[in-house]
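Following: one structure in structure tokens, then a few remarks.
Note that the structure is a prediction, hence the values are computed from the model and not measured.
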Amino acid sequence: MGLGVCIILIAVGAILTFASDWEVDGVNFDLVGLILMAVGIIGTAVYTSILRRRRVVVPSVAPTVTEDERRGLH
């Protein structure tokens with residue numbers, strides 16, 4: 001699940017919880033909205049923790065060659 005999907009889940013959940021007044025028998029839209037927001041927040045936390053682990057800086061293994069070494073002047 002990407003970061004965009006998590007943000008969409010949070011937005012849809014907030015709309016269902018706070019901005020709608022729909023009523024359907026057997027469906028509590030406030031609870032559905034809260035669940036969607038919780039899933040979106042958890043997904044965002046998991047995504048950012050995985051993204052933080054992927055950004056490990058690896059030093060290069062190629063040696064640095066100076067102008068003197070290229071010309072043979074040690």
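Here the CD1-CG distance, from Ile8 to Leu36, works out to 12.0 Å after rounding to the nearest 0.5 Å.
Remark: Leu34 engages Thr17, Met37 in a side-chain contact (heavy atoms from CB on, under 4.5 Å) (not counting sequence neighbours).
By the rule that hydrophobic residues join a cluster once side-chain heavy atoms approach within less than 4.5 Å of another member, Ile35 and Phe18 end up as members of separate clusters.
Heavy-atom minimum distance, Leu9 versus Gly40: CB-CA, 4.1 Å.
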Please report, to 0.1 Å, the donor-acceptor pairs under 3.5 Å made by any side chain of residues 19-32, with sequence neighbours excluded.
from  : atom 1 : to    : atom 2 : distance (Å)
Ser20 : OG     : Leu16 : O      : 2.8
Asn28 : OD1    : Asp30 : N      : 3.2

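Using a 4.5 Å cut-off on side-chain heavy atoms (C-beta onward), Ile41 and Ile10 make contact.
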